[in-house]
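Notes follow the structure.
By convention here, the first residue in the shown sequence is residue 1.
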Amino acid sequence: MNLKDIVTNSQFFTDETISSINYLSVANKALAIVNVECKTLFPSIESDTTPYYYMPKDWLYTLLSPYISYAIKMNDSSLSEAEMYLNEFYRALENFKDNLGTLVTNYDESDPDSGISSDMIADTGFGGVYEIDTSNAINVGWFGYDSNGGSW
C-alpha cells in the first residue's frame, strides 16, 4: 500500500479533493505519534507512490486514513468533522497498541502483511503492551490454596 491510495480514500470520505495539504508531512506526523505512543521505530514515508512495508497494509490504512481526513477537515475549518476523524485515529491507535505484541509475534519476513518486525520496536519495550507466557503458571486463584481457606 502506498500513501497515494490512502489519500484517495481520505478524500472520498471527506468529500474533498484538495491538494493544498502536504499529505506526506501529515502522514509522517501520524507515524511520529504512533512511534511516540507505542515506542516503535517506523521510518517516515519518503514518497506518496512508494509502497510502505514496515507495517501491515490494514494497519497502515486504519491509522493514516483518519489522520489525513482530520488534516483535510482542519484545513477547511470543519472542526466538528475534524474532531470526529481525530477520535477515529486515536481509537485505532489504542487498538494498534493492544495488538502490537501479537503483530510482532506473528511477523513472517516473507510476508510483510503478517505482522511487524521486532526491528521496528524500540529497546524500551512495547509502550506498555507485553505478551506474557503463562504456560507454566499455576492456576490457584488469588490467594492460592493452603488448606487455611486461602488466607496467609
Side-chain angles (χ1 to χ4, degrees), residues 1-16 18 21-143:
M1 171 151 302
N2 62 40
L3 182 58
K4 193 170 189 171
D5 295 333
I6 297 169
V7 168
T8 299
N9 177 48
S10 293
Q11 289 179 339
F12 170 77
F13 278 108
T14 60
D15 198 26
E16 303 284 340
I18 56 176
I21 293 178
N22 182 345
Y23 294 113
L24 198 56
S25 177
V26 171
N28 285 328
K29 182 175 180 184
L31 285 174
I33 293 169
V34 170
N35 283 339
V36 168
E37 291 287 324
C38 300
K39 297 183 181 177
T40 51
L41 305 169
F42 296 114
S44 295
I45 298 172
E46 300 294 325
S47 160
D48 64 345
T49 57
T50 304
Y52 191 83
Y53 294 113
Y54 300 100
M55 178 186 302
K57 63 183 172 186
D58 290 344
W59 282 107
L60 186 66
Y61 194 67
T62 300
L63 290 164
L64 295 188
S65 183
Y67 199 81
I68 291 170
S69 297
Y70 158 74
I72 291 170
K73 288 303 181 179
M74 284 299 290
N75 192 52
D76 75 0
S77 300
S78 300
L79 301 181
S80 61
E81 290 177 86
E83 185 176 347
M84 178 185 71
Y85 287 115
L86 188 60
N87 289 336
E88 183 182 343
F89 168 75
Y90 278 108
R91 281 192 312 273
L93 182 60
E94 287 303 315
N95 195 7
F96 182 73
K97 280 184 197 178
D98 290 344
N99 287 283
L100 191 53
T102 303
L103 286 166
V104 171
T105 301
N106 292 341
Y107 179 68
D108 176 3
E109 192 173 311
S110 65
D111 179 15
D113 282 328
S114 65
I116 295 171
S117 169
S118 60
D119 295 341
M120 294 294 109
I121 306 299
D123 291 336
T124 55
F126 288 98
V129 180
Y130 299 94
E131 238 180 53
I132 300 172
D133 178 11
T134 59
S135 60
N136 292 322
I138 300 170
N139 185 7
V140 292
W142 179 255
F143 294 107

Open item on the list: Once rounded to the nearest 0.5 Å, what's the spacing between atom CG of Asn99 and atom OG1 of Thr105?
Closed with: 11.0 Å
Open item on the list: Is there a side-chain contact (heavy atoms from CB on, under 4.5 Å) between Ile72 and Tyr23? Walk through the geometry before answering.
Closed with: CA-CA 9 Å; Ile72 291 170; Tyr23 294 113; 4.1 Å; yes
Task: Closest contact, heavy atoms only, Tyr52 versus Pro43 - done: OH-O, 2.5 Å
Open item on the list: Within the 4.5 Å heavy-atom criterion, are Glu109 and Ser114 side-chain neighbours or not?
Closed with: no
Task: OH on Tyr90 to CG on Leu86, rounded to 0.5 Å - done: 5.5 Å
Open item on the list: Take a 6.0 Å sphere around OH of Tyr107 and say whether it holds more than 12 heavy atoms from other residues, nucleotides or ligands.
Closed with: yes
- [ ] Please tell me if the side chains of Asp5 and Tyr61 come closer than 4.5 Å, counting only heavy atoms from C-beta onward.
- [x] no
- [ ] Enter the distance from Ser69:OG to Phe12:CZ here, rounded to the nearest 0.5 Å.
- [x] 11.0 Å
Task: Shortest non-hydrogen contact from Met74 toward Leu79 - done: SD-CD2, 3.7 Å
TODO: May I ask you to test the Asn95-Trp59 pair for a side-chain heavy-atom distance under 4.5 Å?
DONE: yes
- [ ] Identify the heavy atoms of Ile68 and Ala27 that sit nearest to each other, and give their distance.
- [x] CD1-CB, 4.4 Å
TODO: Look up atom CD1 in Ile121 and atom NZ in Lys39, then write down how far apart they are to the nearest 0.5 Å.
DONE: 11.5 Å
- [ ] Show your reasoning for whether side-chain contact (heavy atoms from CB on, under 4.5 Å) applies to Asp48 and Val7.
- [x] CA-CA 9 Å; Asp48 64 345; Val7 168; over 6 Å; no
Task: Donor-acceptor pair, side chain of Asp113 and main chain of Pro56, under 3.5 angstrom - done: no
Task: Nearest heavy atoms of Leu100 and Thr40, plus distance in Å - done: CD2-CG2, 3.9 Å
- [ ] Please report the C-alpha distance between Leu64 and Ser10 in whole Å, then the side-chain angles of each, then the deciding distance to 0.1 Å, and finally whether the side-chain contact (heavy atoms from CB on, under 4.5 Å) criterion is met.
- [x] CA-CA 9 Å; Leu64 295 188; Ser10 293; over 6 Å; no
Task: Least distance between heavy atoms, Ile45 atom then Ser47 atom - done: CG2-O, 3.3 Å
Task: Residues Lys97 and Glu94 bridged, charged N to O under 4.0 Å - done: yes
- [ ] Output, in order, the C-alpha distance, side-chain angles, deciding distance and verdict of ring pair (Phe, Tyr, Trp, His ring centres under 6.0 Å) for Tyr67 and Phe89.
- [x] CA-CA 6 Å; Tyr67 199 81; Phe89 168 75; 4.9 Å; yes
Open item on the list: Quick check: do Ile33 and Leu63 have side-chain heavy atoms less than 4.5 Å from each other?
Closed with: no
Open item on the list: Does atom CG (Asp15) have a neighbourhood of more than 12 heavy atoms from anything else shown, all under 6.0 Å?
Closed with: no
Task: Test side-chain contact (heavy atoms from CB on, under 4.5 Å) applied to Val34 and Leu93, step by step - done: CA-CA 7 Å; Val34 170; Leu93 182 60; 3.8 Å; yes
TODO: To the nearest 0.5 angstrom, please state how far the CZ atom of Phe96 sits from the CD atom of Glu37.
DONE: 12.0 Å
Open item on the list: Quick check: closest heavy atoms across Glu46 and Leu24, and the distance to 0.1 Å?
Closed with: O-CD2, 3.6 Å
- [ ] Quick one: pull up OG in Ser65 and CD in Glu88 and give me the separation to the nearest 0.5 Å.
- [x] 7.0 Å
